[in-house]
There are 2 protein chains.
Amino acid sequence: MDDHTDQSRKPRADAVRNRERVLEAAKLVFNAGGSEASLEAVAKRAGVGIGTLYRHFPTREDLFEAVYRREVEQLSELAEQLKNAKDPVDALRRWLRSGVEFVATKKGMVAALALAVQSGSELQTFSFERLTKAIGSLLDRAAAAGAMRADISPEDLLRAFFGMCYMHDQPGWQSSVLRMLDVFVDGLRVQPAGKIKTRAASSAKPAAKRKR
Amino acid sequence: MDDHTDQSRKPRADAVRNRERVLEAAKLVFNAGGSEASLEAVAKRAGVGIGTLYRHFPTREDLFEAVYRREVEQLSELAEQLKNAKDPVDALRRWLRSGVEFVATKKGMVAALALAVQSGSELQTFSFERLTKAIGSLLDRAAAAGAMRADISPEDLLRAFFGMCYMHDQPGWQSSVLRMLDVFVDGLRVQPAGKIKTRAASSAKPAAKRKR
DNA sequence: CGAAGATACGGAGGCACCCTCCGTTTAACA
DNA sequence: TGTTAAACGGAGGGTGCCTCCGTATCTTCG
């Protein structure tokens, strides 16, 4: 019961050092494209035993999270800044493009985030929540300005985005994704059902409930 | 040198039977959602040795291809029919929705096709080519009618589509994907750069070269 | 400083899967 | 029915995942 969250002791030096080493090795290995690289390879590269790796990061996802936390935060902050842009739709577009940029550099990021999305349910997944919030604020602003349909949830958009990026490591993926994102954003400017003569209602379900 | 492609012999009965058994088992296992199921599980379910499975289908991809060939052909034919629809954009939309329908039923199909897309390069991948052709004809028709931008390749679209579907097995994935596809198709109706005031050119690269 | 105790280390080991190889079986043909 | 090519099937070698626990090392306190 005694909630001595603070230092009942100093954390062991070797533990701190090893954690850092693993993180460093993982970053190298994952960014090199091999987001599916074996954790044992990471451990070896870090010069620690596999047991140590698992103690620090019980789950592959945990490791991903730690490795890409900084990047996620950067993307998050970018969204914050873009809230001040004049054109809210353009802001969204720019944010998505930056996302592509990140993915291009950190190859492992897609897999990491996709995993975070999939692992789904109500797991913590800091990254997913953070990005959802970021994208949500951009969406809301654009929708509030009437510049964009309002029935698309941040989760929808994130999933679509990751999905598109999932095909990275293809020859021309990057320009392809950029093009697709443009199409997508253009589509968001169109108000949903009715006005387009696509027979009846354009969607079976009324709309997803927005979370935030 | 002697090119006796025809029956120098009748194919062995057990070989034919086993091939069929494996196919059947694989269909069951993959459709049950586990597109990543172990091939050994498939073999066991089929009542054959693992060696037999590998002889008939040297690659996981080969097996996928065989299992989903029929479905791919159905989708392909649907595209053929839709070419006669009045509104070419609507035709595309409908085709994509049917794709979602397929994915919903045959869970393994996404993984199979995604793998086909990824394995990429110039591997044969019958399915990928077939679908590319199908979607290409729909795109071309819509573009020719001036109802849609013309710089999107079938490959682009396929990748985006699979990407979105990759998140199946999520709670609300199906309606989410349908919504996203609507957005997407709406976006395709907008002509590309220039007219929209999104600063400068809307895409870094000029456009992908269309294959067909 | 030197013990005591807490904490972390690391890799062996059990499990699952991948894929290959080859001795044995079986079907087709004469 | 015998010959022979084709197919069978599973043992085995490799890799990766993850757990468990005996051992090593660090911190603290006397």
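Labels below follow one simple rule: chain letters A, B, ... track the order of the sequence lines, proteins then strands, and each chain is numbered from 1.
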Exercise. Would you tell me whether B:Ser176 and A:Asp156 have side-chain atoms, one donor and one acceptor, within less than 3.5 Å of each other?
Key: yes
Quiz prompt | Check: A:Asp62/A:Tyr54 side-chain N/O donor and acceptor closer than 3.5 Å | solution = no
Take the protein atom [atom1] of [X] and the nucleotide atom [atom2] of [N], then report the distance between them rounded to whole Å.
{"X": "B:Asn18", "N": "D:dG10", "atom1": "CG", "atom2": "P", "answer": "12 Å"}
{"X": "A:Ile50", "N": "D:dT15", "atom1": "CD1", "atom2": "P", "answer": "15 Å"}
{"X": "B:Leu63", "N": "C:dC17", "atom1": "CG", "atom2": "C1'", "answer": "15 Å"}
{"X": "A:Arg55", "N": "C:dG11", "atom1": "CZ", "atom2": "P", "answer": "12 Å"}
{"X": "A:Leu53", "N": "D:dG16", "atom1": "CG", "atom2": "C1'", "answer": "13 Å"}
{"X": "B:Arg60", "N": "C:dC19", "atom1": "CZ", "atom2": "C1'", "answer": "12 Å"}
{"X": "B:Asp62", "N": "C:dC19", "atom1": "CG", "atom2": "P", "answer": "11 Å"}
{"X": "B:Arg17", "N": "D:dC8", "atom1": "CZ", "atom2": "C1'", "answer": "11 Å"}

Quiz item: So which nucleotide from C:dA27, C:dC18, C:dC9 ends up closest to the side chain of B:Tyr54?
Solution: C:dC18
Quiz item: If you find the nucleotide of DNA chain C closest to B:Ala41 and the one closest to A:Val48, which residue's nucleotide is nearer the 5' end?
Solution: A:Val48
Practice problem: Using heavy atoms to find the nearest nucleotide of DNA chain C for B:Glu36 and A:Gly49 separately, return the residue whose nucleotide is more 5′. | Solution: A:Gly49
Practice problem: Given side-chain contact (heavy atoms from CB on, under 4.5 Å), test A:Met148 with A:Arg189 step by step and report yes or no. | Solution: CA-CA 4 Å; A:Met148 176 182 289; A:Arg189 307 169 66 101; 5.7 Å; no
Practice problem: May I ask you to say what B:Ser38 touches in the nucleic acid, namely base, sugar-phosphate or nothing, with a heavy-atom cut-off under 4.0 Å? | Solution: sugar-phosphate
Exercise. Walk me through it: do B:Glu40 and B:Lys44 pass the test side-chain contact (heavy atoms from CB on, under 4.5 Å)?
Key: CA-CA 6 Å; B:Glu40 292 186 335; B:Lys44 192 186 301 180; over 6 Å; no
Practice problem: Output yes when at least one side-chain N/O atom of B:Thr52 is less than 4.0 Å from OP1 or OP2 of D:dG9, else no. | Solution: yes
Exercise. Look at the side-chain N and O atoms of B:Arg9 and state whether any lies under 4.0 Å from the OP1 or OP2 oxygen of D:dA6.
Key: no
Quiz prompt | Closest-nucleotide ordering on DNA chain D, the 5'-leading residue of B:Glu40 and B:His56 | solution = B:His56
Quiz item: Does A:Gly51 or A:Ala37 map to a spot on DNA chain D nearer the 5' end, using the closest nucleotide for each?
Solution: A:Ala37
Self-check item: Side-chain heavy-atom pair B:Leu96, B:Phe161 within 4.5 angstrom cut-off
Solution: yes
